[in-house]
Amino acid sequence: MTVKGLLVMDVDSTLILEEGIDLLGEAAGVGSEVAAITERAMRGELDFKKALAERVALLRGLPISVFDCVLKHIHFTPGARELVETLHERGYKVAVVSGGFHETVDVLAERLGIDYVKANRLEVEEGVLTGRLLGDIVTKETKKACLKQWARENGLDLAQTIAVGDGANDVPMIQAAGLGIAFCAKPIVQEQAPYQIDEKNLAKVLELMDAVK
């Protein structure tokens, strides 16, 4: 079947209502510290790589069982399942690219039948988090590169792509996509995105798609 288009979205505060790393911070007893760094990073006030490394270091010593606990506190944004299912019916591929972690993002993506997943991976030794990351960190440039790569793999022009996100690290992919959407986003994102959705309902993406055809 010919692929008609591609939607790539952020995970934290977009696909889901929560910020996954903030929930991990709460489990580690450093919730307020982690949340404060997250907020500043998403507003574009901090270098994302440094902010991520700083937050991950605070998670050192958490057992890997924490991921099962965190998943119980994560909620899909209203309209998420409708968006994915409708796009699949229309012949689209759906992807997520996240500054969060494969340990939770993979599970969420599987629950919705999402086609592509890119996220960070936490280092684990003897069943506990070391406070370090493995491999390359997902940055704003990674997000943009994934959009382009997945479009290319499916024989799509960027004009046939949609990008949805809320944080400063989503801006390059939002600007690169054929339809770039700031979703209940930080001011810096709203200022730079071609389109905005200000209601926590991902089904609104479908309405916007149909309106701008």
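Atom CD1 of Ile162 sits about 11.0 Å away from atom OH of Tyr195, to the nearest 0.5 Å. Ile16 CD1 to Leu202 CG: the interatomic distance, rounded to the nearest 0.5 Å, is 11.5 Å. Atom CG of Leu158 is separated from atom CZ of Arg152 by 9.0 Å, given to the nearest 0.5 angstrom. Between the CD1 atom in Ile114 and the CG atom in Leu108 there is a gap of 8.0 Å [rounded to 0.5 Å]. We find the CG-CZ distance between Asn169 and Phe48 to be 4.5 Å, quoted to the nearest 0.5 Å. Taken from CD in Glu45 to NZ in Lys186, the straight-line distance is 10.5 Å, to the nearest 0.5 Å.
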N/O donor to acceptor pairs below 3.5 angstrom from side-chain atoms of residues 5-14, sequence neighbours left out:
| from | atom 1 | to | atom 2 | distance (Å) |
| --- | --- | --- | --- | --- |
| Asp10 | OD1 | Lys143 | NZ | 3.0 |
| Asp10 | OD2 | Thr14 | OG1 | 3.3 |
| Asp12 | OD1 | Gly20 | N | 2.6 |
| Ser13 | OG | Glu19 | OE2 | 2.8 |
| Thr14 | OG1 | Asp166 | OD1 | 3.3 |

### Task
Just do the salt bridge (charged side-chain N to carboxylate O under 4.0 Å, His left out) check on Glu54 and Lys50 with the steps written out, would you?
CA-CA 6 Å; Glu54 194 176 334; Lys50 288 180 182 175; over 6 Å; no

### Message
I'd like to know whether Val3 forms a side chain to side chain contact (heavy atoms under 4.5 Å, CB included) with Tyr92, so could you lay out the CA-CA distance, the side-chain angles of the two residues, the decisive distance to 0.1 Å, and finally the verdict.
### Response
CA-CA 6 Å; Val3 176; Tyr92 276 67; 6.0 Å; no

### Task
Please assess Val107 against Arg111 for the test side chain to side chain contact (heavy atoms under 4.5 Å, CB included), listing each intermediate value before the final yes or no.
CA-CA 6 Å; Val107 177; Arg111 288 177 183 173; 3.7 Å; yes

### Query
Please walk me through it: do Leu17 and Lys200 pass side chain to side chain contact (heavy atoms under 4.5 Å, CB included)?
CA-CA 8 Å; Leu17 295 172; Lys200 281 282 185 184; 4.1 Å; yes

### Criterion side chain to side chain contact (heavy atoms under 4.5 Å, CB included) on Lys93 and Tyr116, from CA distance to verdict
CA-CA 8 Å; Lys93 295 279 189 173; Tyr116 299 102; 4.1 Å; yes

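Enclosure of atom NZ in Lys140 is not indicated, since only 12 or fewer non-hydrogen atoms of other residues, nucleotides or ligands lie within 6.0 angstrom. Within 6.0 Å of the CZ atom in Phe67, the count of heavy atoms belonging to other residues, nucleotides or ligands exceeds 12.
Shortest non-hydrogen contact noted between Leu147 and Ala176 is CD2-CB, 3.9 Å. When all heavy atoms of Leu134 and Leu122 are compared, the pair lying nearest together is CD1-O, 4.0 Å. The nearest pair of heavy atoms linking Leu59 to Leu129 is O-CB, 3.8 Å. The nearest pair of heavy atoms linking Ala185 to Gln190 is O-NE2, 3.3 Å. Asn201 and Phe183 get closest at one heavy-atom pair: N-CZ, 3.6 Å. When all heavy atoms are compared, the tightest approach of Ala193 to Ile174 is CB-CG2, 3.7 Å.
In the hydrophobic cluster analysis, where Ile, Leu, Val, Met, Phe, Trp and Tyr join through side-chain heavy atoms closer than 4.5 angstrom, Leu208 is grouped apart from Met173. In the hydrophobic clustering of this structure, Val105 groups with Leu83; members are Ile, Leu, Val, Met, Phe, Trp, Tyr whose side-chain heavy atoms approach within less than 4.5 Å, directly or through other members. In the hydrophobic clustering of ILVMFWY residues, with side-chain heavy atoms under 4.5 Å counting as a link, Ile197 and Phe76 come out together.
Side chain of His102 to main chain of Ala119: a donor-acceptor pair is present (N/O by atom type, distance under 3.5 Å, no hydrogens or angles). Without hydrogens or angle criteria, Thr161 side chain to Ala177 main chain gives no donor-acceptor distance under 3.5 Å. The backbone N or O of Val94 lies less than 3.5 Å from a partner atom in the side chain of Asp115, making a donor-acceptor pair. In this structure a side-chain-to-backbone donor-acceptor pair under 3.5 Å is present from Gln192 to Ile188. Side-chain atoms of Gln175 never come within 3.5 Å of backbone atoms of Pro172 as a donor-acceptor pair (strictly under, hydrogens ignored). One N or O on the side chain of Asp47 and one on the backbone of Lys49 form a donor-acceptor pair closer than 3.5 Å.
At a threshold of 4.0 Å, the pair Arg90-Asp210 counts as salt-bridged, since one of the basic side-chain nitrogens sits closer than that to a carboxylate oxygen.
Between Leu87 and Met209, some side-chain heavy-atom pair lies under the 4.5 Å cut-off. At a threshold of 4.5 Å between non-hydrogen side-chain atoms, the residues Gln160 and Lys4 do not count as touching.
At a cut-off of 3.5 Å, with distance as the only test, a side-chain donor of Arg55 or Thr38 sits close to an acceptor on the other residue.
Applying the side-chain hydrogen bond (donor to acceptor under 3.5 Å, both in side chains) test to residues at least two apart or on different chains, the pairs with a partner in residues 65-87 are Glu18-His75.
Partners of Arg132 according to the salt bridge (Lys or Arg N to Asp or Glu O under 4.0 Å) rule, which considers only residues two or more places apart in sequence or in another chain, are Glu123, Glu125.
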